[in-house]
Amino acid sequence: MEQKKTSKRLRCIVKLGGAAITCKNKLETIDEENLKEVSSQIRQAFVPESTSANVIGMDWSKRSGQSEVPTFINDLCDQPVADSESFIVVHGAGSFGHFQASKSGVHKGGLSRPLVKAGFVATRISVTSLNLEIVRSLAREGIPSIGMSPFSCGWSTCQRNMTEADISMVIKAIDAGFIPVLHGDAVLDTLQECTILSGDMIIRHLAAELKPEFVVFLTDVLGVYDRPPVEPGAVLIREIAVREDGSWSVVKPKLEDTSKPVEFTVAAHDTTGGMVTKITEAAMIAKLGIDVYITKAGTDHSVKALSGFLKGGIPDDWLGTAIRYMS
């Protein structure tokens, strides 16, 4: 059955990399400063008439260190809600979820084994708790965000390839003026019983169905490098061209040794493929004619990417990786 399309123009899909918003080496620890800065930048980009002074906070839950709910609620009755552009946020897990998934082998399947079943539950507890905190952070910036879990929406896979992905609730949320916030999740798999569905795969599916103007990946590094960025002499790849068959090549800068493939590293606990998966999925999105920008979260470069400024051309002082379709 043909998917229903959103009645609103989708401006962008934003991927919040788990490493950019969590502390990688501290189990289930959010990088509060980075998350707050990223949430503020998203508000500035997609709610253009808002300022930090006129934000209508939407997180009315009791917060740590506070004894009461906010007192400003009664003052909001006559306040107009600022118009925001339609966009979607998808986030990775970072120090949430990966540990539970890798220790139990959820990504390999086998729900009949007690360890895997327990790990499936533990993984979902972890990633949904992070999702709630990201939703709350965006809500405090006046962004009407709604958390959505792929498992709860009925998304599933077959041998780790997506087969069921009902986006009807995502569309309804956008049409109602909400901002869907999805995340990588543990899901059922028809062949191996269960697996991990990465945020990058989710973005590719949403991009194919909803055709955003552009996609932004916010990470903990400036973009894609020709080798792990911690190595001496690592070069930031500024632009990648994607061909019709999905293959890609570096356009800028001209690498000295073109025979040497671009190298990537994957953390031992990362069950989603890390940067390798990110580039593959980004290339598939670019193949649809949708520009993809990868840059460091919480920087001036991420502000330019989120605002759509790069659609007019990539300035020399912008640091990041642009991935585009080469016709």
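Taking SG of C12 as the start and CZ of F87 as the end, the distance is 8.5 Å to the nearest 0.5 Å.
More than 12 heavy atoms of other residues, nucleotides or ligands sit less than 6.0 Å from atom NZ of K311. Within a 6.0 Å sphere centred on NZ of K26, heavy atoms belonging to other residues, nucleotides or ligands number 12 at most.
Classification of D175 and K8 as a salt-bridged pair fails, no side-chain N sitting under 4.0 Å from a carboxylate O. A salt bridge is absent between E239 and K252; no separation between the charged side-chain nitrogens and carboxylate oxygens falls under 4.0 Å. Salt-bridge annotation for R9 and E213: present, with a side-chain N of the basic residue lying under 4.0 Å from a carboxylate O of the acidic one. A salt bridge does not link K296 to D220: none of the charged side-chain nitrogens sits closer than 4.0 Å to a carboxylate oxygen. Between D245 and K287, none of the side-chain N atoms (NZ, or NE/NH1/NH2) sits under 4.0 Å from a carboxylate O, so this pair counts as no salt bridge.
Here the closest non-hydrogen pair linking S302 and L218 is CB-CD2, 3.6 Å. Looking at every heavy atom in both residues, P253 comes nearest to V235 through CG-CG1, 3.7 Å. Between P229 and V221, the closest heavy-atom pair is CG-CG1, 4.1 Å. In this structure, G177 and P144 approach most closely via the heavy-atom pair O-CG, 3.4 Å. Smallest separation of non-hydrogen atoms from L111 and K117: O-CE, 3.5 Å. Of all the heavy atoms in H301 and D317, the pair that sits closest is CE1-O, 3.4 Å.
When the options M162, H205, H183 are evaluated for a side-chain contact (heavy atoms from CB on, under 4.5 Å) with P150, the one that passes is H183.
Looking only at distances, no side-chain donor or acceptor of S61 sits under 3.5 Å from a matching main-chain atom of D59. At least one donor-acceptor pair closer than 3.5 Å links the side chain of S145 to the backbone N or O of V135. Listed for the Q192 side chain is a donor-acceptor partner under 3.5 Å among the backbone atoms of C194. One N or O on the side chain of D189 and one on the backbone of R160 form a donor-acceptor pair closer than 3.5 Å. E231 contributes no side-chain N or O that, together with a main-chain N or O of P228, makes up a donor-acceptor pair within less than 3.5 Å. Although no hydrogens or angles enter the test, the distance criterion places no donor-acceptor pair under 3.5 Å between the side chain of S126 and the main chain of A122. Checked by atom type and distance alone, the side chain of T123 never pairs as donor or acceptor with a backbone atom of A186 at under 3.5 Å. Side-chain atoms of T195 come within 3.5 Å of backbone atoms of H107 as a donor-acceptor pair (strictly under, hydrogens ignored).
The shortest side-chain heavy-atom distance between I290 and Y325 does not fall under the 4.5 Å cut-off. Side chains of I294 and I323 form a contact here, defined as non-hydrogen atoms less than 4.5 Å apart. Side-chain atoms of L188 and F151, non-hydrogen and from C-beta on, do get closer than 4.5 Å to each other. Residues T295 and T219 fail the side-chain proximity criterion, which asks for heavy atoms closer than 4.5 Å. Between L306 and V303 the shortest side-chain heavy-atom distance does not fall below 4.5 Å. Residues F96 and I30 are in side-chain contact: their nearest non-hydrogen atoms beyond the backbone lie under 4.5 Å apart. Contact check for S249 versus R243: side-chain heavy atoms found under the 4.5 Å cut-off. With contacts defined as side-chain heavy-atom distances shorter than 4.5 Å, the pair W318/F309 does not qualify.
Side chains of S40 and Q44: a donor on one and an acceptor on the other come within 3.5 Å.
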What's the verdict on side-chain contact (heavy atoms from CB on, under 4.5 Å) for E164 and W155, showing C-alpha distance, side-chain angles and the deciding distance? CA-CA 5 Å; E164 294 288 336; W155 293 32; 5.9 Å; no
